[in-house]
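The structure appears right after this line, and notes come after that.
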Amino acid sequence: MAPRIGVYVCHCGGNISEVVDIQKVMESLEGPVDVVQIKDHEHICSEVGQKLILNDIKENKLDRVVIAACSPQFQGITFMKTMEHAGLSPYVLEMANIREQCSWPHYDYPQEATKKAIDLTKMSLAKARLDIPLEKKVIPIGKRVLIIGGGIAGIQAALDLGDAGFQVYLVEKDPSIGGKMAQLSKTFPTEDCAACILSPKMADVPNNPNIKLMTSTEVKDISGYIGNYQVTVTRKALYVDPDKCTCCDKCVEACPVTVPNEYDEGLTTRKAIYLPSPIAVPHSYILDDKTCLGLFPLACSKCKEVCEPNAIDYDVYPTEEKFTVDTIIVATGFDIYDARQKRVYGLGKYENVFNALEMERMLAYAGEGKPLKDIGNRIAFIQCVGSRDEQVEHEYCSRVCCMYATKLACLLNRERPGKEIYIFYTDLRAYGKGFEEYYKRAQSEGIKYIRGRVAEILEDPKTKKLTLRAEDTLSRKIIESEFNTVVLSVGLIPNEGTRHVAGLLGLSRSQDGFLKEAHLKFRPVDTLIEGVFLAGTVQGPKDIPDSVAQAGAASSRAISLMNKGVYEAEPITAQIDESICIGCGMCADVCAYKAIEITVVDAHTGKKTAVVNEFLCKGCGTCAATCRSGAADVIGVSDHQISKMIEVM
Amino acid sequence: MKNAASKYWRIPLDADRVKTPKGKIHILKERCKGCGFCIEYCPRDVLEFSDEFNEKAYHPPRVKDEKLCLCCHLCELVCPEYAIWSTEEKDEELHHP
Amino acid sequence: MDLQTKLRQEARKLLEEKLVDVVIGYEDEGAPLRTTPCFITDPQDVDRLVWNPFCDHNLARYLTARKDKAAVVAKGCDTRAIVVLINENQIERKNVNILGMPCGGIVDRKKIYNHLKNGDVREAVLKDKVITVKGLEFTADLMVDDFLADCCLSCRHRNPVLCDVQIGENLPPLDVKDEYKKIKQLEESTSEERWEYFRKTLSKCIRCYACREACPLCYCQQCFTDQNFPAWVGKTTDISDTIVFHIMRAFHTTGRCVDCGACERSCPNNVDIRMLTKKIAKDVKELFGDEAGLQLEEKAPLSFYNEDDPQDFIK
Amino acid sequence: MRTTPRILSSEKIMKTIKKDKINTVLDFLIKKYQVFGPVQKDDLVVDFGRIQNGAQACLEFSNTNEPAKKLFFPQAETLFSYTGSDAAQVSELKPEKPRIIFGMRPCDAKSLSLLDAVFDGPDYKDPYYIVKRKNTTIFTLACRRPRSNCFCDSLGIGPFSKKDTDVFMADLGDRYVFEPITPGGADILNKIPGLENARPTDAERLKNLRSEAESKVARKVDLDNLPEKLARIFDHPFWDGIHQKCLGCGICTYLCPTCHCFDIVDEQKDDKGRRIRIWDSCSYPTFTLEASGHNPRATGKERMRQRLMHKFRYFVENYGEIACVGCGRCINHCPVGSDLIREIENINNLK
Amino acid sequence: MQEQPENWEPRIIAFLCSWCSYAGADLAGVSRRRYSPNVRIVKVPCSGRVNPFYIVKSLQQGCDGVLVSGCHPGECHYSNGNYYARRRFAILKRLLEYIGLEEGRVHFSWVSASEGDKFAKVVNEVTETVRKLGPATRLVKHSPVDGVVN
């Protein structure tokens, strides 16, 4: 029987009604017999507005609703929930975007904006007439989650989910979890020691029965969909059996090979066989077959000879493991900007120029009481190296550099008083809790903040001292002074792991290269892929409290999905009319999700046609546009609906 | 081995504090058949073909850079003619790789 | 031994050894200047099979509907059509036995009638490269090579691309001079002239769909013309609907059309259909470097992509 | 069958005109009538078109590609248009200026009488067809040179038939002769200036030309008790072989002067739309496709059988005449060369 | 320049992919970026969803211009929908302009979710190009065909 459509035109508190003539829109919608009611409202998305819709649906027995208001990508979910409360399918709701597409961009052509609003609403009406009351598709969903990346965000998420009784697979590429935080000396603004607060958390991970920790492991492939992600991981061969190893350190002495130690950013050396870090979890030695003199053929084997517990075995090969999970949290962290690209600062040329992470390690270095390097009394920090810099295409602010520079300055200052420490900044960003007070305290302790960008650094070849030239924009003076050491506050950039995982999952990336969240304000830890969430700096530069908070958010989002036991999938998917399909296979070729297969549908005649796997299909519709005979279509965005919308033109 | 492009380009600051074995290489040029195993298999790439000839007109190996040798004895093991071996020098003076 | 006799021999062998259920070939029923498709099932009837420049139909068209094992007489373009049909799961390689015929080009009847000012040809006798045509009031000797079909004049695949048995030696490749001359001339004219050209030729179309039914690639169970909800194209001879039918049918041959000319030959009102399909073949060659039906398992251009496909037309 | 009013033999005065003056006749008619005639579309195709001046007509032609039926039962025709959901507003069929179709062949003229039986029969009157039919006067032009596939005299028509027309014309060589057949034709003929009375020798000349033309009709087909034969062989295996080469392209039905099947479709936008009648063909699969998806004539075999059965049996049972005028268009234009005459001969030879 | 009926405004239909270009259009609106009001936007899941018939039908319905916009290659939410669309439009655009549709009637663009400005620029540019061409005449399907044979 004919549809009964209710139309609501929203004023949006003036945002729309100041430009679009609401009355004229409503009058021009009268006429079609199936438009049973046209109403306007000051804020249709408000509590009152939604109640109005609810009552109208009941009283006027509406079976379709058209709302002319803001963008469906803004309030769409709100209204879909209202429809569900009213007992209607959320898919018989159409929204005409008369704010972002009419009143806002055309505020100085009110007549045209009104005409456009009328057309757009008529288009929504044309589509609504052919809407089908779809129901969400239901997939059973278990309690298994994969967390990629074992930094603080990955650890926190693993602990939250493990404690909540979910089966967690924590996959970490490096030999130990802890990520970048484990490399820090102290943390701002409280200056509590990074290792001290991180080690207990790291220790909880192996102790939690629900967490399966897989270090030195990389994700090779992920296929499937929410509730059915097939994950394949490859684990490196570590050649040392953690149960037998007693950490006696004899093998390290015997090993002839010395290479820069990643944990100390290359400031110290390690052997081919080594303990990843003093606070490594899992706490066991590993043999790095890339730097070892060679296992095939066996070149040296000195470590095996001195190992009494016989924990070393060269006959071990990388293994591959497959498992299925229901949701995924990506926490692959960040890399620091390679400041050598900024030639003008001389990192890599001048001896006494370091980046901030190296300075962290120098401070944390406790070897035999003798500091790694005498950094002298006059130290300069240069802010925004590789951040807020269009030349290197990193326009974003890395948010943490101002505060970690202040922290490093305070620590250095307190270590041996009488130092002169300068921080050259453009804007000092102390926005977080306790940051401003910390900044004030640093100034009171004698840290000098100079508001000016350092133009250049020159090194005196003999004394290795560094002269900085910068313009102090507050005192309008050009400063040129000599320093013993310069520390570059490098920004945060996306790392190789992020690119790899984004490729596997088809995650899109925002302009700064970090992973793109579903919605910046409303769904900051979701991604556009169902069941995949983000946590920590993989989504953008942030400090430890924010990363931990995001880890908690991502865990709760994953829990909220998995706790229901079922997942409702979008019903807008492709549909093949078997009576028309001739099985040419072009739709299967173009499907990015491999959701269509050419299968025999009639054993008697052997007729083959395309068949869509509803759970894999994301409803992109490329198959429908490729199909010549019109057998393929998309429910909810059908050719017929779009054809009717075109006819409104 | 470090190459300039890698992330850890710096010579570690504590390099001088770490003792590593230093090998001295001995070559019996006349015994060498020029098979090149030692050159090919040396993990530290210490050896190379010399341009001089031995009596049997083969090119024996030559030490490119003595400092690189860590005395792992692989050249000794692979040489079919026992024409090359390394001995560990007592650490009169430290060197870094 | 001439090709026709060799063809009959092969056909008899296939039928006698029951390798195939039917041999699809050409037969001469006496009508002047033309042959007609025939379906031989009895080995004795193989002598009905003929092979001459009048064998113009693309017999691949008959393979899509069959479920049995069939042998088919196939020229170069026909074998390319068969390759496309195999790639699109419409026929199975094992069900078709291809009798590949190197082809020197087929005669275009319309060109002959043009030449004879539409004279009523009552009889035509072919004797190696010369056709003697007789009407009630005239006779004329015509050279086969003067009346070859346009698509044959620019044919790059005179020898079978795929076959089980090849009847006769490979022909040397034709040195094709300026294959797209007519298309280029039209491209260089103004958009008004082009619109006028297509409006004029397509206004002759009476929507009988002979072009669609003659084409081996148009095997859809339901064509977009018969689609309702939505009906994309109107069913009348309104010029806008006719043009939409022809450009969309041509669009659906993108990267698949083997330019066998069956569509243009079957049109009762001489609509220049190949001016559309040939243009798309030219674009596919220029943009993606593809040519239709040359290898098995070859993906059609529109169900494939390269990261660096041309996109200068996209803002 | 419709009885067309005939003129008493006494008023049958034949008129003639010099061949090169034929354009003046046309120009005169154009002033008062819409004149349609054979127009050269391109070097091979001659078709009926509206003539604005005499020179456009091309009377040296064998036959038009599309039959004259399209002037009465066009490929597409708006039945009515409607706006909103209220009553449809029928585009009332006011006859425009009266029409003259000049130069129709006798076989096409005969086909109109067959179409009359369908569209203007006792139990069904098609207003769209009838208004055009009544508004049209027909000048048939005798066929001096029948083509190789013409077999009109097997249907009792013949190249010089004078039936089913208003004015019969023939080309005597130097002059055209006009013979009024119906009163309507006679009225128009008398008004045309420049016509002289025929010479006594013309009647004799006409008879010779007639027998000469009839001798040129090369092909014959034996049609007697064909309907009975067809009735017996509905399930005969003969049909399995005959359809194999048919592409189902529909040319033979679109160009057949007697085929009259049509489909009705709507074209609608918002609440305005129109109902259209368009040609359809029994050789298209969608012709008999049912809403359930079942198709009683699923393969080419049933469809080919239906074409022959309808023309040579069902039509005879309904209207008493064979629905074929022997114009040969279906044979000339079939892309795969299937030949109606040969098929009928095969049927005749069946035991 | 075609002579246009006075106060004629080009009517342009735009098929925007919902993940990038539609979001870009929203951003243009949110940042109050002014652009000509001649475009009516139809949201489609992906530029790969745009069936050639949508473009042809729009031209038949009398749209003076058609714009199709999707994610930049490599950024498609469905990973490769825009790649297939790119090939499809390359052939279709050349075919339409070959049969006589004026250049500048049919436009294609890549607009990402953060390119509000670019979207506004594209719409303005398309509107001005179409305005120069005047109202659509070719391919436009006029009122019903009458009975008489043309």
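Every chain is numbered from 1, with letters handed out A, B, ... down the list of sequences.
Taken from OH in Y84(E) to SG in C623(A), the straight-line distance is 11.5 Å, to the nearest 0.5 Å. Atom CD of E112(A) sits about 10.5 Å away from atom OG of S36(E), to the nearest 0.5 Å. In this structure, the separation between OH on Y78(E) and SG on C591(A) is 11.5 Å, given to the nearest 0.5 Å. Note that NZ of K43(E) and CE of M123(A) are 14.0 Å apart. Values are rounded to the nearest 0.5 Å.
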Fill in: Residues R34(E), Y109(A); criterion side-chain hydrogen bond (donor to acceptor under 3.5 Å, both in side chains); working and verdict
CA-CA 10 Å; R34(E) 284 208 304 281; Y109(A) 324 95; 5.2 Å; no
Practice prompt. For side chain to side chain contact (heavy atoms under 4.5 Å, CB included), just list the numbers for I646(A) and F15(E), CA-CA rounded to whole Å, side-chain angles, deciding distance to a tenth of an Å, and then say yes or no.
Written response: CA-CA 10 Å; I646(A) 295 173; F15(E) 298 96; 3.9 Å; yes
Discussion item. Could you walk me through whether N80(E) and V590(A) satisfy the side chain to side chain contact (heavy atoms under 4.5 Å, CB included) test, starting with their C-alpha distance in whole Å, then the side-chain angles of each, then the deciding distance to 0.1 Å, before giving a yes or no?
Written reply: CA-CA 8 Å; N80(E) 56 17; V590(A) 299; over 6 Å; no
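The contact between V634(A) and chain E is made by backbone and side chain atoms together, counting heavy-atom distances below 4.5 Å. For L27(E), no part lies near chain A; criterion is any non-hydrogen pair under 4.5 Å. For chain E, the nearby parts of M649(A) are the backbone and the side chain; heavy atoms of each come within less than 4.5 Å. Both the backbone and the side chain of V30(E) come within contact range of chain A, each with at least one heavy atom under 4.5 Å from a heavy atom of that chain. Proximity to chain A is absent for every atom of A85(E), based on heavy atoms less than 4.5 angstrom apart.
Most heavy-atom pairs under 4.5 Å with chain A, from the set V42(E), V39(E), I12(E), I41(E): that is I41(E). Interface summary for chain E: among K618(A), M645(A), R99(A), K116(A), the most heavy-atom pairs under 4.5 angstrom belong to K116(A). When each of T626(A), N97(A), N15(A) is scored by its heavy-atom pairs under 4.5 Å with chain E, the top score falls to N97(A).
In this structure, the side chains of T622(A) and R88(E) come closer than 4.5 Å at one or more pairs of heavy atoms. Side-chain contact between D119(A) and R11(E) is present, with heavy atoms from C-beta onward closer than 4.5 Å. Looking only at side-chain heavy atoms (C-beta outward), R32(E) and P105(A) stay at 4.5 Å or farther from each other. In this structure the side chain of W104(A) never reaches within 4.5 angstrom of the side chain of S31(E), judged on heavy atoms. Counting heavy atoms from C-beta outward, R49(E) and D639(A) have side chains that approach closer than 4.5 Å. Here the side chains of Y22(E) and S71(A) are in contact, with some heavy-atom distance below 4.5 Å. The side-chain heavy atoms of V44(E) and I642(A), taken from C-beta on, include a pair separated by under 4.5 Å.
Other residues, nucleotides and ligands contribute only 12 or fewer heavy atoms inside 6.0 Å of the CD atom of E395(A).
Using a cutoff of 4.0 Å between basic side-chain nitrogens and carboxylate oxygens, K57(E) and E647(A) are scored as salt-bridged.
For C46(E) against C620(A), the heavy-atom pair with the smallest separation is CB-O, 3.8 Å. The two residues S18(E) and Q73(A) make their nearest non-hydrogen contact at O-NE2, 2.8 Å. The minimum heavy-atom distance linking A625(A) with P52(E) is given by the pair O-CD, 4.0 Å.
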